[in-house]
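Input: a single structure, listed below in structure tokens.
Both backbone and side-chain heavy atoms feed into the values below; hydrogens, waters and symmetry mates do not. As the structure is a prediction and not an experimental result, all values here were calculated from the model.
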Amino acid sequence: MNILLWHVHGSWTTAFVQGPHRYLVPVTPDRGPDGLGRARTFAWPDSVHELTPEQLRGEPVDLVVLQRPHEAELAERWLGGRRPGRDVPAVYLEHNAPDGDVPHTRHPCADRDDLLLVHVTHFNRLFWDNGGTRTAVVEHGIVDPGHRWTGRVERAAVVVNEPVRRGRTTGTDLLPALAGAVPLDVFGMRTGGLAEHLGLPPERCRTQDLPQAALHDAMAERRLYLHPVRWTSLGLSLLEAMHLGMPVVALATTEAVEAVPAGAGVLSTRPEVLARAARTYLNEPQAAAEDGARARRAALERYGLKRFLKDWERLIEEVTRG
């Protein structure tokens, strides 16, 4: 099939395009948010094709995967008047937890009868007000990076984009106390100046932005993975850390309580508990290795790529045949 989707979420798309279809990704001259084209820092197969809006006009499309509210209008215009959900089958993929009047936040696709609303976690489906729109959940899948954990660097890895701007959402305000227990290496976009912003010595909170392949190697060298995020759908970096064989120390919020089973790390709503757990892993590398191995087994079972693609194949067939 020919599946049209925008390059919105690089990690999720990397897993999705491992399927058996032809994937059409819009590209514009400026490679802006509506036309990023193929990923430059993720490994995508040759089945992913960049097409300009002009090329899309005459392109046969079997399914549109919408991920942002304005994409429906873009798709109709770029597909020469073909309306997603009416003239071509469509699903709306919701990556995010609701933001605003939670738990009364109404989804932009609420009460639609022309598409399927697909959530990436059961938490998201529960907390969004979906109205009468038919919904489904396809949990995340990860392209397995392999069991790379060495833990040789006695620091905690944190992966977060824009921690200064996002503040309490990503648990940035919790980092000073956590950095008192274990030195942090914070990876992600626009992390520069974080230590200064938090009033921390640079050595206690180092930052770096790396492409995915280099990021996985860097994460796996750290003793543990720290996930202080208060409110998110389910950070793919958390699942990637588990695939790498890292023990997890995370806030027990949103879908994390489902993703990290007992014995794979420490979950708590009390930051002081997380600080103690991080210090324990720092001082006990054998415990970190054992819990990390359990984290990897759990992640492979629940968030493996084969299960993810199988679930999507079933859903795609249902939507397109319907």
Side-chain angles (χ1 to χ4, degrees), residues 7-14 31-33 36 39-43 95-97 99 140 142 145 148-244 246-251 253-254 256 259 265 271 274-275 277-279 281-282:
H7 176 186
V8 174
H9 194 306
S11 294
W12 181 90
T13 309
T14 297
R31 291 190 178 268
L36 279 174
R40 297 178 176 181
T41 58
F42 296 88
H95 291 284
N96 300 315
D99 185 18
H140 287 301
I142 300 293
R148 304 190 197 181
W149 180 86
T150 65
R152 68 174 188 83
V153 178
E154 296 181 355
R155 303 178 69 91
V158 181
V159 179
V160 60
N161 291 325
E162 302 186 76
V164 174
R165 181 184 68 81
R166 297 168 71 192
R168 286 179 56 82
T169 298
T170 55
T172 304
D173 59 301
L174 304 177
L175 294 181
L178 293 169
V182 56
L184 309 177
D185 283 334
V186 182
F187 302 98
M189 296 185 295
R190 290 180 282 280
T191 55
L194 179 60
E196 182 180 3
H197 172 75
L198 296 174
L200 289 171
E203 179 58 25
R204 301 303 293 185
C205 184
R206 305 187 307 204
T207 61
Q208 197 171 6
D209 185 6
L210 299 172
Q212 189 184 47
L215 173 63
H216 287 163
D217 284 336
M219 289 170 62
E221 290 182 333
R222 273 64 188 172
R223 184 64 52 84
L224 66 135
Y225 182 75
L226 180 62
H227 191 69
V229 182
R230 280 189 177 89
W231 190 255
T232 185
S233 175
L234 177 60
L236 285 176
S237 57
L238 170 67
L239 302 181
E240 291 169 352
M242 293 173 68
H243 274 77
L244 291 167
M246 302 182 72
V248 171
V249 174
L251 280 179
T253 57
T254 65
L274 302 188
R279 173 59 67 180
Y281 284 134
L282 199 70

### Message
Before you tell me yes or no, could you show the steps for R223 and W149 under side-chain contact (heavy atoms from CB on, under 4.5 Å), namely the whole-Å CA-CA distance, both residues' side-chain angles and the distance that decides it to 0.1 Å?
### Response
CA-CA 8 Å; R223 184 64 52 84; W149 180 86; 4.0 Å; yes
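- The nearest pair of heavy atoms linking V182 to A278 is CG1-CB, 3.6 Å.
- Atom OG of S237 is separated from atom NE2 of H227 by 6.0 Å, given to the nearest 0.5 angstrom.
- Judged purely by atom type and a 3.5 angstrom limit, W12 has no side-chain atom pairing as donor or acceptor with the backbone of I142.
- Applying the ring-ring contact (aromatic ring centres under 6.0 Å, His included) rule to H243 yields no partners; only residues at least two apart in sequence or on another chain are considered.
- Each salt bridge (charged side-chain N to carboxylate O under 4.0 Å, His left out) pair with one or both residues in residues 224-240, not counting sequence neighbours, appears once here: D173-R230.
- A 4.5 Å side-chain heavy-atom check between P228 and L274 finds every atom pair outside the cut-off.
- For the residue pair G188 and D209, the shortest heavy atom distance occurs at O-CB, 3.4 Å.
- A donor-acceptor pair under 3.5 Å is absent between the side-chain atoms of T41 and the main chain of Q212, judged by distance alone.
- The main-chain N or O of R222 is never found under 3.5 Å from a side-chain atom of R155 such that the two would form a donor-acceptor pair.
- For A181 against L282, the heavy-atom pair with the smallest separation is O-CD2, 4.3 Å.
- Atom CG of L234 is separated from atom CG of N96 by 12.0 Å, given to the nearest 0.5 angstrom.
- Just one of V186, V248, L184 meets the side-chain contact (heavy atoms from CB on, under 4.5 Å) condition when paired with L226; it is L184.
- Remark: H216 pairs with no residue by the ring-ring contact (aromatic ring centres under 6.0 Å, His included) rule, at least two apart or across chains.
- Across T14 and A43, no two heavy atoms sit closer than the pair CG2-O, 4.0 Å.
- One finds the CG atom of L194 at 7.5 Å from the CG atom of L200 (value rounded to the nearest 0.5 Å).
- Interatomic distance, L238 CG to T232 OG1, rounded to the nearest 0.5 Å: 9.5 Å.
- The two atoms that bring A241 and M219 nearest to each other are CB-CE, 3.7 Å, heavy atoms only.
- Rounded to the nearest 0.5 Å, atoms CZ (F42) and NE2 (H9) are 8.5 Å apart.
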### Message
Walk me through whether Q208 and L215 qualify under side-chain contact (heavy atoms from CB on, under 4.5 Å).
### Response
CA-CA 9 Å; Q208 197 171 6; L215 173 63; over 6 Å; no
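- Using a 4.5 Å heavy-atom cutoff, the side chains of R206 and D185 are in contact.
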### Task
With side-chain contact (heavy atoms from CB on, under 4.5 Å) as the test, would you mind laying out the steps for L198 and T172 before giving the verdict?
CA-CA 8 Å; L198 296 174; T172 304; 4.0 Å; yes
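- Counting non-hydrogen atoms of neighbouring residues, nucleotides and ligands closer than 6.0 angstrom, the CD atom of E162 exceeds 12 such neighbours.
- The line from OG1 of T13 to NE2 of H7 is 6.0 Å long, rounded to the nearest 0.5 Å.
- R190 places none of its side-chain heavy atoms less than 4.5 Å from the side chain of V164.
- When all heavy atoms are compared, the tightest approach of P201 to A195 is O-CB, 4.4 Å.
- Panel note: side chain T253, backbone V229; a donor-acceptor pair is recorded below 3.5 Å.
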